[in-house]
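Along the sequence shown, the residues carry numbers beginning at 1. The model shown is predicted, which means the values in this text are computed figures rather than measured ones. The figures here come from the full heavy-atom set of this structure, side chains too, leaving out hydrogens, waters and symmetry mates.
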Amino acid sequence: MQTVSATPSLPVTEPVSDQVIKESNEKEYKKGLYDGGEGIVDSILPELEILPEISVRQIIEVGMKHMSSHYYRLLDASEVATRIRSALKKRSPLSLIRLGDGELLTLAQEVVMSEEEVRKEGHFLSYSGVNLPDIAARNMLVRAIRKADLIGIPKLRLPNFQPLAFSVLKAHRIDYRKLKLTLSTINYALNLEGYLRGILAGYRVLIVGNSAPALSKVFQDSGIHVTGVVSPVNGIGDIPRVMNEISAACDFDIALVGAGIPAVIIVQRIASELGKVAIDFGHLANSLVQGESIL
């Protein structure tokens with residue numbers, strides 16, 4: 001007789017139901033909520049003491065009142081607009097730069113975070129103009145921050161936003177108390193609160209960035225005097241060429257730069273090297289082009 005060996009059967013993997021995934025997500029959410037709130041209270045309270053009927057929010061509100069002497073006020077849209085208009089009127093240089101998570105992660109390289117950590121958190125950096133590792137880009141950002149007139153920082157206390165901002169400033173020995181700080185979303189605030197059109201009216205505007213040609217049409221249709229467009233901006237390495245084109249287009253009063261991370265460096269150099277007003281315009285350019293925002 002022949003012996004027929006049985007073919008081993010492959011294990012069958014049952015698909016995970018949506019309900020199981022939902023329950024798992026809810027469990028993780030509740031754990032995170034506890035760890036970030038009630039868990040902290042539990043860890044601080046003495047072993048046999050409790051705080052019945054007192055919410056975490058109430059505890060935080062009381063604590064915040066005691067911390068009010070440590071508050072640091074940022075410039076609002078009205079104050080920033082006043083400074084920009086004053087610089088335009090006096091024909092004096094002014095740079096408004098903004099630090100988002102892309103800029104902060106670039107600044108964090110090898111001083112706050114390892115290259116591996118930055119790569120993990122900053123998977124989008126190549127889209128924003130930086131190919132890791134790029135210590136030269138980090139150092140150029142540091143110089144730009146030291147020389148900038150107005151600096152937008154994140155309000156949100158998410159890990160890669162406000163906390164990282166103050167960590168990198170400290171790591172690069174930049175005293176934030178000596179900086180003129182505003183919100184990193186000040187570009188949107190200037191437009192939403194109605195200051196942007198008034199700032200640009202009557203002045204010659206240069207637009208820099210990949211969206212510049214389309215944004216130029218939006219501005220011209222709105223009666224804004226656009227005297228030049230510099231586009232595209234292909235990352236940090238393209239800054240020398242871009243600056244040469246900007247220098248050649250010297251018949252402008254204010255430059256709006258939407259170019260990812262390179263915008264911070266370009267804006268500061270326009271102010272310091274050409275004596276002009278320059279604003280880090282960011283994704284507001286795309287928003288105006290796509291009709292999501294109105295000038």
*Taking all atoms of both residues into account, what is the closest heavy-atom pair of Ala77 and Ile186, and its distance?*
CA-CD1, 3.7 Å
_Side-chain (Ser216) to main-chain (Ala212) donor-acceptor, under 3.5 angstrom_ = no
*Check whether any side-chain N or O of Ser184 sits under 3.5 Å from a backbone N or O of Arg98 as a donor-acceptor pair, and report yes or no.*
no
*Report yes if some heavy atom in the side chain of Asn131 is under 4.5 Å from a heavy atom in the side chain of Leu125; otherwise report no.*
no
_NZ/NE/NH1/NH2 to OD/OE distance under 4.0 Å, Lys120 and Glu116_ = no
*Look at the side chain of Ser55 and the backbone N and O of Gln58, then say whether any donor-acceptor pair between them is shorter than 3.5 Å.*
yes
*Is Arg73 salt-bridged to Glu79, cutoff N-O under 4.0 Å?*
yes
*With the side chain counted from C-beta on, respond yes when Leu107 and Val142 share a heavy-atom pair under 4.5 Å apart, and no when they do not.*
yes
*With distance as the sole test, does Ser222 use its side chain to make a donor-acceptor pair with the main-chain N or O of Val218 at under 3.5 Å?*
yes
*Give the minimum heavy-atom separation between Pro213 and Ser231, together with the two atoms involved.*
CD-OG, 3.7 Å
*Give a yes or no answer on whether the side chain of Glu273 reaches the backbone of Ile270 with a donor-acceptor pair at less than 3.5 Å.*
no
*Does a side-chain heavy-atom distance below 4.5 Å link Gln109 with Glu115?*
no
*Specify the closest pair of heavy atoms between Ala278 and Val267, including all atoms of both residues, with the distance to one decimal.*
O-CG1, 3.4 Å
*Could you go through the side-chain contact (heavy atoms from CB on, under 4.5 Å) check for Leu181 and Leu75 one step at a time?*
CA-CA 6 Å; Leu181 298 179; Leu75 296 172; over 6 Å; no
*side chain to side chain contact (heavy atoms under 4.5 Å, CB included) partner of Leu284, chosen from Thr185, Leu196, Leu215*: Leu196
*Can Ser293 and Asn191 be counted as having a side-chain donor-acceptor contact under 3.5 angstrom?*
no
*Between Glu245 (side chain) and Val230 (backbone), is there a donor-acceptor pair under 3.5 Å?*
no
_Gln268 and Ser272: CA distance, side-chain angles, deciding distance, side chain to side chain donor-acceptor pair (under 3.5 Å) verdict_ = CA-CA 6 Å; Gln268 188 276 314; Ser272 63; 3.1 Å; yes
*asked:* For a 4.5 angstrom cut-off between non-hydrogen side-chain atoms, does Leu99 reach Ile145?
replied: yes
*Taking Asp149 for the side chain and Ser95 for the main chain, is one N or O donor matched with an acceptor at less than 3.5 Å?*
yes
_Distance-minimising heavy-atom pair for Pro232 and Asp238_ = O-OD2, 3.7 Å
*Determine the minimum heavy-atom distance between Ser167 and Val112, stating which atoms define it.*
O-CG2, 3.8 Å
*Assess whether side-chain contact (heavy atoms from CB on, under 4.5 Å) is satisfied between Lys65 and Val62, documenting all intermediate values.*
CA-CA 5 Å; Lys65 289 177 182 177; Val62 171; 5.7 Å; no
*State whether the number of non-hydrogen atoms from other residues, nucleotides or ligands found under 6.0 Å of His172 atom NE2 is greater than 12.*
yes
*asked:* Quick one: does any side-chain atom of Arg204 pair with a main-chain N or O of Thr227 as donor and acceptor, under 3.5 Å?
replied: no
*Gly202 backbone acceptor or donor facing His225 side chain under 3.5 Å*: no
*Quick one: does Leu179's side chain get under 4.5 Å of Leu150's, heavy atoms only?*
no
_Do Ser24 and Glu28 pair up side chain to side chain, a donor and an acceptor below 3.5 Å, judged on atom types alone?_
no
*Taking the side chain from Asn187 and the backbone from Phe281, do they hold a donor-acceptor pair closer than 3.5 Å?*
yes
*Does the ring of Phe252 carry Lys276 above it, NZ/CZ under 6.0 angstrom from centre and within 45° of its axis?*
yes
*Should the pair Arg91-Asp253 be classified as a salt bridge under the 4.0 Å nitrogen-to-oxygen rule?*
yes
*asked:* Run Leu200 and Ile224 through side-chain contact (heavy atoms from CB on, under 4.5 Å) and show every step you take.
replied: CA-CA 7 Å; Leu200 301 179; Ile224 302 300; 4.0 Å; yes
*Do other residues, nucleotides or ligands put more than 12 heavy atoms under 6.0 Å from the CD1 atom of Ile294?*
no
*What's the verdict on side-chain contact (heavy atoms from CB on, under 4.5 Å) for Tyr195 and Arg85, showing C-alpha distance, side-chain angles and the deciding distance?*
CA-CA 10 Å; Tyr195 295 109; Arg85 283 195 294 257; 4.0 Å; yes
*asked:* Other residues, nucleotides and ligands only: do more than 12 of their heavy atoms fall within 6.0 Å of OH on Tyr71?
replied: yes
*Residue Phe124 excluded, over 12 heavy atoms near CZ under 6.0 Å*: yes
*Are Arg138 and Asp134 ion-paired here, with the side-chain N under 4.0 Å from a carboxylate O?*
no
*So, Glu26 and Lys30, do they make that salt bridge, N to O below 4.0 Å?*
no
